[in-house]
**Student:** 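Below you'll find the structure I mean.
Given the structure is predicted, the values throughout are model-derived calculations rather than measurements. All residue numbers in this chain count up from 1 along the given sequence.
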Amino acid sequence: QVQLVESGGGLVQPGGSLRLSCAASGRTFSGSTMGWFRQAPGKEREFVAGITWTGGITYYADSVKGRFTISRDKVKNTLYLQIYSLKPEDTAVYHCAAGFRVRVFLNKHEYDNWGQGTQVTVSS
């Protein structure tokens with residue numbers, strides 16, 4: 001059974017940085033696509049960044065390009081999201097997701113497993 005557990009969220013001032021982690025377990029993730037999504041209050045869950053587990057191919061939403069970096073550690077089975085220059089509009093619950101038949105990174109319906117999320121709040 002796949003389990004995804006996020007950590008690293010918190011309250012940060014505008015302009016600050018955070019690194020989110022997602023510990024993945026339960027099966028081999030070779031061949032999978034891993035993604036970070038976020039959901040702000042009253043809004044739809046939206047794609048942030050994705051990475052192919054084996055080849056490390058990345059893809060980002062336009063709104064975060066240049067500020068967010070997704071990576072993975074295949075030995076530790078952990079997914080990361082490094083966030084720089086945080087803005088108040090980045091405030092959301094951040095979820096990691098895993099999919100084994102993902103054809104389109106930003107399509108949340110193609111991801112099979114989800115974590116519970118970690119809250120990121122950007123405020124002065």
**Student:** Between Asn113 (side chain) and Leu4 (backbone), is there a donor-acceptor pair under 3.5 Å?
**Tutor:** no

**Student:** Report the relative orientation of the aromatic rings in Tyr94 and Phe68; use parallel for angles under 30°, tilted for 30 to 60°, perpendicular for over 60°.
**Tutor:** tilted

**Student:** To the closest 0.5 Å, what do you measure between CH2 (Trp53) and CG (Leu79)?
**Tutor:**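 Answer for the CH2-CG pair, Trp53 versus Leu79, is 6.5 Å.
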
**Student:** Examine Leu86 and Val48 and state if one hydrophobic cluster contains both, with Ile, Leu, Val, Met, Phe, Trp and Tyr joined whenever side-chain heavy atoms are less than 4.5 Å apart.
**Tutor:**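 Leu86 clusters together with Val48.
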
**Student:** Pair up each side-chain donor or acceptor in residues 17-32 with any protein partner under 3.5 Å, not counting sequence neighbours, and list the distances.
**Tutor:**
{"unit_1": "Thr28", "atom_1": "OG1", "unit_2": "Ser30", "atom_2": "N", "d": "3.4"}
{"unit_1": "Ser32", "atom_1": "OG", "unit_2": "Phe29", "atom_2": "O", "d": "2.6"}

**Student:** Which residue in the set Leu81, Ile57, Ile70 passes side chain to side chain contact (heavy atoms under 4.5 Å, CB included) when paired with Ile51?
**Tutor:** Ile70

**Student:** Answer yes or no: is there a donor N or O on one side and an acceptor on the other, between the side chain of Arg72 and the main chain of Thr54, under 3.5 Å?
**Tutor:**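 Such a contact is found between Arg72 side chain and Thr54 backbone.
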
**Student:** Do Asp90 and Lys87 meet the salt-bridge criterion of a basic N to acidic O distance under 4.0 Å?
**Tutor:** no

**Student:** Check the orientation of Phe47 and Phe105. Use parallel for under 30°, tilted for 30 to 60°, and perpendicular for over 60°.
**Tutor:**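 Rings of Phe47 and Phe105: tilted, as their planes differ by 30° to 60°.
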
**Student:** So, the side chain of Glu110 versus the backbone of Arg103: is there a donor-acceptor pair under 3.5 Å, distance only?
**Tutor:**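 Confirmed, Glu110 side chain pairs with Arg103 backbone.
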
**Student:** With the side chain counted from C-beta on, respond yes when His95 and Tyr111 share a heavy-atom pair under 4.5 Å apart, and no when they do not.
**Tutor:** no

**Student:** Nearest 0.5 Å please: distance from the SG atom of Cys96 over to the CD atom of Glu6.
**Tutor:**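 Answer for the SG-CD pair, Cys96 versus Glu6, is 4.0 Å.
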
**Student:** Heavy-atom count around Tyr59 OH within 6.0 Å, excluding the residue itself: above 12?
**Tutor:** no

**Student:** Does the Thr91 side chain pair with the main chain of Val122, one donor and one acceptor, at a distance under 3.5 Å?
**Tutor:** yes

**Student:** Verify the neighbour count for atom CD of Gln116: are there more than 12 heavy atoms of other residues, nucleotides or ligands below 6.0 Å?
**Tutor:** no

**Student:** Taking CD in Gln119 as the centre, count heavy atoms belonging to other residues, nucleotides or ligands within less than 6.0 Å. Is the count above 12?
**Tutor:**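 Buried by this count: over 12 neighbours within 6.0 Å.
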
**Student:** Under 4.5 Å between side-chain heavy atoms, counting indirect links through other Ile/Leu/Val/Met/Phe/Trp/Tyr residues: same cluster for Trp114 and Leu106 or not?
**Tutor:** yes

**Student:** With hydrophobic residues grouped by side-chain heavy-atom distances under 4.5 Å, do Phe37 and Phe100 end up in a single group?
**Tutor:** no

**Student:** Walk me through it: do Val64 and Arg38 pass the test side-chain contact (heavy atoms from CB on, under 4.5 Å)?
**Tutor:** CA-CA 12 Å; Val64 306; Arg38 66 185 180 186; 4.2 Å; yes

**Student:** Just do the side-chain contact (heavy atoms from CB on, under 4.5 Å) check on Tyr60 and Thr69 with the steps written out, would you?
**Tutor:** CA-CA 8 Å; Tyr60 295 92; Thr69 302; 3.9 Å; yes

**Student:** Can you give me the closest heavy-atom contact between Lys74 and Asn77, atom names plus distance?
**Tutor:** O-OD1, 3.4 Å

**Student:** Return the OG1 to CG distance between Thr33 and Asn107, rounded to the nearest 0.5 Å.
**Tutor:**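 Spacing of OG1 (Thr33) from CG (Asn107) equals 11.5 Å.
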
**Student:** Would you say Val2 ends up clustered with Met34 if hydrophobic residues are merged whenever their side chains have heavy atoms under 4.5 Å apart, either directly or through other cluster members?
**Tutor:**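 In one cluster: yes.
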
